[in-house]
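Note that these values count all heavy atoms, side chains included, but never hydrogens, waters or copies made by symmetry. Start at 1 and go down the list; that is how both ligands and their atoms are numbered.
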Amino acid sequence: MRILSGIQPSGALHIGNYFGAIRQYIALQEENDAFYFVANYHALTSVRDAARLREYTFHVIADLLALGLNPDRACLFVQSDVPETTELAWLLTTVTPMGWLEKCVSYKDKVSQGLPADHGLFAYPILQAADILLYDADKVPVGQDQKQHLEITRDVAERFNNTYGPVFKLPEPYILSQVAVVPGLDGRKMSKSYDNTIEIFDEPKTIEKKVKRIVTDSTPVEEPKNPETCNLFQLFKLFAPAGEIAEVEQRYRAGGIGYGEVKKRLATLIADYFAEPRRRRADLLADPVKIEEVRRAAADKARRTARIVLDRARNACGVG
Ligand code: ADP
Ligand code: TRP
């Protein structure tokens with residue numbers, strides 16, 4: 001099966017990105033033909049500083065490798081190394097009704113958070129559709145917030161196919177319900193734009209400080225608590241071993257556990273969970289040549305794959 005996903009180099013990766021997407025990238029690389037990319041064309045909609053964009057791009061490659069992405073199994077490339085993407089995006093825009101883009105919640109959200117309402121931001125889902133369709137992807141591992149973009153991708157592919165004949169494969173989102181939305185420190189979806197993240201590679205001291213900020217209610221220690229509605233417990237469940245989750249859950253329901261105790265344990269669990277990747281990342285950041293080699297080899301493979309589909313689309317609509 002062909003797997004494809006992308007992640008924007010618009011800041012440091014956080015644990016919502018890890019559980020919502022990256023962990024699935026790594027699991028799926030074993031049995032599948034996987035393509036993952038750093039979506040730097042997309043990041044231009046929010047990062048307006050060339051040096052910073054280059055640095056983030058480099059860091060995302062290093063971070064994914066450090067977390068276990070294996071470049072001998074999966075093709076880990078940079079979106080702009082495959083300029084065919086932008087050509088396909090244009091072909092797709094010509095069959096996309098404005099109304100489909102106007103109803104996109106992610107565009108409206110980003111504008112309400114202060115991003116400029118540029119055409120690139122508006123047309124963002126079409127570029128994403130091009131990313132996906134260009135590789136004949138079967139499954140796209142993402143968090144819940146990307147579901148609408150996957151629906152538009154399928155709609156655009158269908159419309160192109162209905163107009164010009166069967167060119168594109170229709171992709172399916174791959175969303176794991178337990179981690180579809182990882183909560184942030186304030187209980188909203190964890191996101192760079194809400195300043196409520198714990199970064200994967202935060203130092204243990206920083207993790208501890210951030211975990212202390214996780215919002216909880218004011219139920220006293222001895223009172224019973226509801227684990228299902230507790231943001232702190234949702235994060236705890238991602239990191240603790242099964243036996244410990246069951247024990248803490250039982251203590252929540254019975255009363256007698258304080259949020260402070262759970263926070264202290266959670267901070268240690270998070271730091272331990274990423275300790276090994278943190279070491280690997282330090283080695284990778286010190287070896288930019290290796291990162292460059294991965295990038296170049298992957299770009300060749302991705303471009304060859306993309307060319308086949310792009311030519312199919314060009315020929316079908318009469319520009320080939
Ligand atoms: P952010 O919202 O911080 O800008 P991105 O949009 O770059 O994150 O997300 C990259 C990937 O991580 C996407 O597949 C997205 O669905 C997933 N993701 C981001 N935040 C979360 C979250 N809080 N819970 C689950 N998945 C998430
Ligand atoms: N829009 C995605 C995000 O913000 C990133 C992305 C770009 C993507 N192109 C993609 C994800 C293609 C999956 C497939 O997270």
State the atoms of ligand 1, each with its element, that fall below the 4.0 Å cut-off from a heavy-atom position in [X].
X: M190; value: 20 (N), 21 (C), 22 (C), 23 (N)
X: I7; value: 10 (C)
X: Q146; value: 16 (O)
X: G20; value: 25 (C), 26 (N)

Taking the six-membered ring for Trp and the single ring otherwise, decide whether the centroids of F160 and F168 are under 6.0 Å apart.
yes
Any chance the rings of Y36 and F77 have centres within less than 6.0 Å?
no
Is it possible for you to check whether [X] lies under 6.0 Å from the centre of the six-membered ring of [Y], through NZ or CZ, and within 45° of that ring's axis?
X: K110; Y: Y124; result: yes
X: R281; Y: F201; result: yes
X: K225; Y: Y259; result: yes

Contact (N/O only, under 3.5 Å) between [X] and ligand 1:
X: K189; answer: yes
X: A21; answer: no
X: H14; answer: yes

Judged by non-hydrogen atoms, does A180 sit under 4.0 Å from ligand 1?
yes
Polar side-chain atom of [X] near backbone of [Y] as donor-acceptor pair, under 3.5 Å:
X: D138; Y: R2; result: yes
X: Q24; Y: F19; result: yes
X: K210; Y: T197; result: yes
X: R159; Y: L92; result: no

Might you confirm whether atom OH of Y174 has over 12 heavy atoms from other residues, nucleotides or ligands at distances under 6.0 Å?
no
Would one find more than 12 heavy atoms of other residues, nucleotides or ligands at under 6.0 Å from atom NZ of K103?
yes
Output yes when the distance from some N or O of ligand 2 to some N or O of S5 is under 3.5 Å, and no in every other case.
no
Using a strict 4.0 Å cut-off to heavy atoms of Q8, name the atoms of ligand 2 that fall inside it.
4 (O)
With a cut-off of 4.0 Å, which atoms of ligand 2 are near a heavy atom of H42?
7 (C), 9 (N)
Give the contacting part of Q146 toward ligand 2: side chain, backbone, both or neither, where contact means a heavy-atom distance below 4.0 Å.
side chain
Once you restrict to heavy atoms under 4.0 Å, what part of V140 touches ligand 2? Side chain, backbone, both or neither.
side chain
Counting non-hydrogen protein atoms only, what is the nearest one to [atom]? Give residue, atom name and distance.
atom: atom 16 (O) of ligand 1; answer: D145 OD1, 2.4 Å
atom: atom 24 (N) of ligand 1; answer: V182 N, 2.7 Å
atom: atom 4 (O) of ligand 1; answer: K192 CE, 3.2 Å
atom: atom 4 (O) of ligand 2; answer: Y124 OH, 3.0 Å
atom: atom 9 (N) of ligand 2; answer: D131 OD2, 2.7 Å
atom: atom 27 (C) of ligand 1; answer: G16 O, 3.4 Å
atom: atom 8 (O) of ligand 1; answer: N17 ND2, 3.3 Å
atom: atom 5 (C) of ligand 2; answer: G6 O, 3.5 Å

Quick one: do D81 and K301 make a salt bridge, cutoff under 4.0 Å?
no
Is it true that E208 and K264 have a side-chain N and a carboxylate O under 4.0 angstrom from each other?
no
May I ask you to identify, for [X], whether its side chain, its backbone, both or neither come under 4.0 Å of ligand 1 on a heavy-atom basis?
X: S191; value: both
X: V181; value: backbone
X: V179; value: backbone

If hydrogens are left out, which of I132, L134, N40 has an atom nearest to atom 14 (C) of ligand 2, that is, the closest non-hydrogen atom?
I132
Using a 4.5 Å cut-off on heavy atoms from C-beta on, say whether the side chain of D63 contacts that of I22.
no
Any side-chain heavy-atom pair of L127 and H42 under 4.5 Å
yes
